[in-house]
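Structure first, then comments.
Quick note on labels: first sequence line is chain A, next is B, and so on, each numbered from 1.
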2 protein chains.
Amino acid sequence: MELSSTAYVILGMVSREARSGYEIKALVDGSVRFFWAASYGQIYPELKKLSEAGLVEGVDAPTGDRKRTVYAITEAGEEALKGWLREPPETLEMREEGLLKLFFSGVLEPEEGAATLRAMRRQREQIGAQLRAIEAEKGEIDDPYPPMVLRAGIEFNTWFADWCERMEAQLLAPQHERGSS
Amino acid sequence: MELSSTAYVILGMVSREARSGYEIKALVDGSVRFFWAASYGQIYPELKKLSEAGLVEGVDAPTGDRKRTVYAITEAGEEALKGWLREPPETLEMREEGLLKLFFSGVLEPEEGAATLRAMRRQREQIGAQLRAIEAEKGEIDDPYPPMVLRAGIEFNTWFADWCERMEAQLLAPQHERGSS
DNA sequence: ACAGGCATGTAAATAGTTACATGATTCG
DNA sequence: CGAATCATGTAACTATTTACATGCCTGT
């Protein structure tokens, strides 16, 4: 039985304690969204599938009259998750519209390419600031991995913003020094 | 008329000279694939649409008996491309299965998390080597942007490989120095 | 009372991959 | 001749987003 990556995101998110679909979405948005997003349109149908496959188990946990189901991982689910975690990672996709625009910017004026770089830098600085804010507020000691991947996000965005700045300077720099040592 | 990002990739690829669908695919694979991929299943239908919209123009250019159509950008196509290039970039998605696995690796032994980091590092080193090979062979002087984004790919993969190495060391390091100044 | 957040779900559309089918050309 | 590459395209599938619909609960 082949599971999608989204299925494993869900299994991972319920592996420590039972969560509702809504909570899973919030957790994803607050942690892994920068390298793996998930929408309600995926989460709810996937929870149903995982439940039918016996990898998670739904338990009614209403808040007053508002119905609510939290899902807990089962033995089989934990085995599936661990099996997946042990396989070497494969998919790596990056879609960066900024780099794509830059690639084709030879048809524009240099100043316009520089503007794209500035927009990219601003965006990366914003994301970096958001991630730093998350880093500052958390105080969990037991699991080293979430802060580790958070750090990756911060470093990556810092590097990227810096790259944009350097490339902008290079673009707007005087052309004469091409072959200098 | 809204165009997909893939449409703009195609417009960009035919903006300097007329190309066939097959050539476009090869060009994409040799340049932007690391941050924006495209498959035949997207390229050929999209070329038809762009042709109907008058943004590219197909010209028969057979090789012997083998039929072949190259597409050239039109005035309208160039305007559409430039308009898009001038808008600030928005979409940025990254899907890194490795970071996702790492995030959930608290349920495994530290050595297993380290193994994921090693696999990630190896992969990034490989991609970096490929990009460096591309960088070494090219000798175009006129357009500064392709080498610029290539450099981004090289630097990114170098940073990422280095991060993996550092995190692996941190994971396997002795725990005792938690609160040192 | 009302806004905002909690909560669940579906429908429709778009995006994208994979696999397949077909056939010509070139190089060894 | 056979393999690799050039070349075009489609069908089926999977993934994913967006928008919508519904309704309760909490704080002001």
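Contacts between residues 43-52 of chain A and DNA chain D, defined by a heavy-atom separation under 4.0 Å, are absent. Applying a 4.0 Å cut-off to non-hydrogen atoms, the residues of residues 25-40 of chain B that approach DNA chain D are B/Tyr40, listed by residue number.
Rounded to an integer number of Å, the gap from CD1 of B/Ile10 to P of D/dT8 is 12 Å. One can place CD of B/Gln42 at 13 Å from C1' of D/dT14, the figure rounded to the nearest angstrom. The nearest whole Å value for the distance from the CZ atom in A/Arg95 to the P atom in D/dT17 is 12 Å.
Of the listed nucleotides (D/dT17, D/dA15, D/dA7), D/dA15 has the atom at the smallest distance from the side chain of A/Ser4.
Taking the charged nitrogens against the carboxylate oxygens, A/Lys48 and A/Glu52 have no contact shorter than 4.0 Å, which rules out a salt bridge. With respect to B/Arg118 and B/Glu111, a salt bridge is recorded, a charged nitrogen being found less than 4.0 Å from a carboxylate O.
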Walk me through it: do B/Met120 and B/Glu96 pass the test side-chain contact (heavy atoms from CB on, under 4.5 Å)?
CA-CA 10 Å; B/Met120 289 166 74; B/Glu96 237 288 346; 3.8 Å; yes

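Under the 3.5 Å distance criterion, with hydrogens and angles disregarded, no donor-acceptor pair is assigned to the side chains of A/Glu46 and A/Thr6. One side chain, A/Glu97 or B/Thr91, offers a donor N or O that lies under 3.5 Å from an acceptor on the other.
Put simply, B/Ser20 has no side-chain N or O that comes within less than 4.0 Å of OP1 or OP2 on D/dC6.
Between atom CZ of residue B/Phe104 and atom CG of residue A/Leu11 there is a gap of 9.0 Å, rounded to the nearest 0.5 Å. If you take CD on A/Glu17 and CD on A/Glu23, they are separated by 8.0 Å, rounding to the nearest 0.5 Å. Here CD1 of B/Ile10 is found 12.5 Å from OG of B/Ser15. Values are rounded to the nearest 0.5 Å. The CZ atom of B/Arg124 sits 10.0 Å away from the CG atom of B/Leu131 when rounded to the nearest 0.5 Å. One finds the OG1 atom of A/Thr158 at 4.0 Å from the CZ atom of A/Arg132 (value rounded to the nearest 0.5 Å).
Within the structure, ring pair (Phe, Tyr, Trp, His ring centres under 6.0 Å) contacts touching residues 36-89 of chain A (residues at least two apart or in different chains) are A/Tyr8-A/Trp84, A/Tyr40-A/Tyr44.
In the 5' to 3' direction, nucleotides of DNA chain C lying under 4.0 Å from heavy atoms of chain A begin and end at C/dG5 to C/dG16.
When each of A/Arg33, A/Met94, A/Arg95 is tested with B/Met94 by the rule side chain to side chain contact (heavy atoms under 4.5 Å, CB included), just one qualifies, namely A/Met94.
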Mark up nucleotides 22-28 of chain D, 5' to 3', with B wherever a protein heavy atom is under 4.0 angstrom from a base atom, S wherever such an atom reaches only the sugar-phosphate, and - elsewhere.
-BBS---

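Annotation: side chain to side chain donor-acceptor pair (under 3.5 Å) contacts of B/Glu155 (sequence neighbours excluded): A/Trp159, A/Arg166.
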